[in-house]
Amino acid sequence: MCISYTVWYSNEVTLHIVLMTHDCSNLCISLFAQISFKFQYVRYFGVSKFASIEAKLGWNPVSRLFAPAYGANAMRNVIMCNTSFILTPITYKLYYPQEKKSNSSLFWFGMGMNFAGNTLAITQQALWGRGLDYAAVNGGRNISYIEVIKSSLQTDGRAAFFTLSKWSSRILMNAPVQGSLPWFYNNVLPLGESTVVNATKWVMTPSTPTSSSGRPNDYQPGSSNSCSRAICETR
């Protein structure tokens with residue numbers, strides 16, 4: 001998030017920073033998906049049934065960390081995270097008319113991007129749920145996403161992955177928080193930024209005792225030497 005915030009205020013968006021933002025955000029949400037999914041799967045099937053499914057699948061310890069249908073679950077989070085922290089700030093900065101930029105336009109632009117992102121995210125959420133049902137058949141089996149998609153379309157058509165009601169419920173749950181994140185980072189978070197940065201400087205800056213000759217050592221707080229800085233420059 002800190003890196004995404006830097007992208008928002010930087011004078012030049014570089015490929016290097018974009019890739020760093022993408023990699024960091026995807027790593028975070030992948031770890032989050034791995035942890036949250038295990039709990040949600042156990043809650044859905046129950047402890048004993050989940051254990052029996054894992055036992056029948058016979059996966060190695062690494063695969064067991066991620067559990068079935070991890071890919072669809074992680075992809076949903078990848079879509080929404082990249083929408084909020086990469087696509088929204090970059091497209092608003094580079095392509096939104098400069099004369100129309102304001103706090104309110106940023107807020108509604110972020111909401112609109114969230115609505116678009118959720119259009120894709122609900123398809124992955126539906127695939128996740130159908131993948132779980134597929135994995136539990138006959139006491140446990142490996143998921144074939146091609147087979148899940150094919151059978152779902154044959155049974156329910158496009159409604160298997162997208163309906164207006166699914167999209168609306170997802171929007172009501174997700175948009176008020178995640179859709180307003182770009183506006184929050186640009187307008188609310190900076191209100192306490194100087195206090196946090198100054199406190200961080202005070203904590204991280206070592207004392208500067210002078211030498212016996214009366215001359216200070218090489219390190220001076222606030223000097224051009226940036227090697228000892230431990231804060232994330234955001235502007």
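Quantities reported herein were computed from a predicted structural model and do not represent experimental measurements.
Residues Ala135 and Ile143 share a closest heavy-atom pair of CB-CG1, 3.8 Å. In this structure, Ser152 and Ala160 approach most closely via the heavy-atom pair O-CB, 3.7 Å. The minimum heavy-atom distance linking Thr88 with Pro182 is given by the pair CG2-CG, 3.5 Å. Minimum interatomic distance between Thr83 and Met113 (heavy atoms only, all atoms of both residues): CG2-O, 3.3 Å.
Linking Ile, Leu, Val, Met, Phe, Trp and Tyr residues whenever their side-chain heavy atoms come within less than 4.5 Å leaves Leu120 and Ile149 in two separate clusters. Both Leu132 and Phe50 are assigned to one and the same hydrophobic cluster, defined by single-linkage of ILVMFWY side chains at heavy-atom distances under 4.5 Å. Linking ILVMFWY side-chain heavy atoms closer than 4.5 Å, directly or via other members, places Met204 and Trp202 in a single hydrophobic cluster. Cluster annotation: Ile122 is not connected to Met111 through the hydrophobic network of ILVMFWY side chains, with a link wherever side-chain heavy atoms come within less than 4.5 Å. Placement of Trp128 and Leu57 within a single hydrophobic cluster is found when ILVMFWY residues are connected by side-chain heavy-atom separations under 4.5 Å, directly or transitively.
Distance OG/Ser180 to CG/Asn187: 11.0 Å, rounded to 0.5 Å. Expressed to the nearest 0.5 Å, how far CG of Asn186 lies from NZ of Lys101 amounts to 10.0 Å. Within the model, atoms CD of Gln178 and CD1 of Ile171 stand 10.0 Å from one another, a figure rounded to the nearest 0.5 Å. The structure places CG of Asn77 at 9.5 Å from CD of Gln125, a figure rounded to the nearest 0.5 Å. For the atom pair Gln124 CD and Met75 CE, the distance stands at 6.5 Å (nearest 0.5 Å). For the atom pair Asn198 CG and Lys201 NZ, the distance stands at 6.0 Å (nearest 0.5 Å).
Asn174 contributes no side-chain N or O that, together with a main-chain N or O of Arg170, makes up a donor-acceptor pair within less than 3.5 Å. Judged purely by atom type and a 3.5 angstrom limit, Ser169 uses its side chain to pair as donor or acceptor with the backbone of Lys166. Checked by atom type and distance alone, the side chain of Asn118 pairs as donor or acceptor with a backbone atom of Asn114 at under 3.5 Å. Judged by distance alone, with hydrogens and angles left aside, the side-chain atoms of Arg141 form a donor-acceptor pair with the main-chain N or O of Tyr134 at under 3.5 Å. In this structure, the side chain of Thr155 engages the main chain of Ser151 through a donor-acceptor pair within 3.5 Å.
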Item to complete: Quick one: do Trp167 and Phe115 satisfy side-chain contact (heavy atoms from CB on, under 4.5 Å)? Show the steps, please.
Response: CA-CA 9 Å; Trp167 183 77; Phe115 290 1; 3.9 Å; yes

Discussion item. Apply side-chain contact (heavy atoms from CB on, under 4.5 Å) to residues Phe85 and Tyr185 and explain how you reach the verdict.
Written reply: CA-CA 10 Å; Phe85 294 112; Tyr185 273 95; 3.8 Å; yes

Worksheet item: Which is it for Asn138 and Lys56 under the side-chain contact (heavy atoms from CB on, under 4.5 Å) test, yes or no, and what are the steps along the way?
Response: CA-CA 10 Å; Asn138 298 325; Lys56 184 172 182 179; 4.1 Å; yes

Item to complete: Go through the steps for Phe161 and Leu127 under the test side-chain contact (heavy atoms from CB on, under 4.5 Å), then give the verdict.
Response: CA-CA 7 Å; Phe161 299 102; Leu127 181 61; 4.1 Å; yes

Item to complete: Take Arg76 and Asn73 through the test side-chain hydrogen bond (donor to acceptor under 3.5 Å, both in side chains) and record every step on the way to the result.
Response: CA-CA 5 Å; Arg76 176 198 60 182; Asn73 178 36; 2.9 Å; yes

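Asp133 is not listed as a side-chain neighbour of Val137, based on a closest heavy-atom distance of 4.5 Å or more. Side-chain contact between Leu106 and Tyr96: absent, with no pair of heavy atoms (C-beta onward) separated by less than 4.5 Å. Taking the side chain as every heavy atom from C-beta outward, Phe162 and Thr119 approach each other to under 4.5 Å.
A donor-acceptor contact closer than 3.5 angstrom links the side chains of Ser105 and Tyr92.
Counted within 6.0 Å of CG on Leu191, heavy atoms from surrounding residues, nucleotides or ligands total more than 12; the atom is thus considered enclosed.
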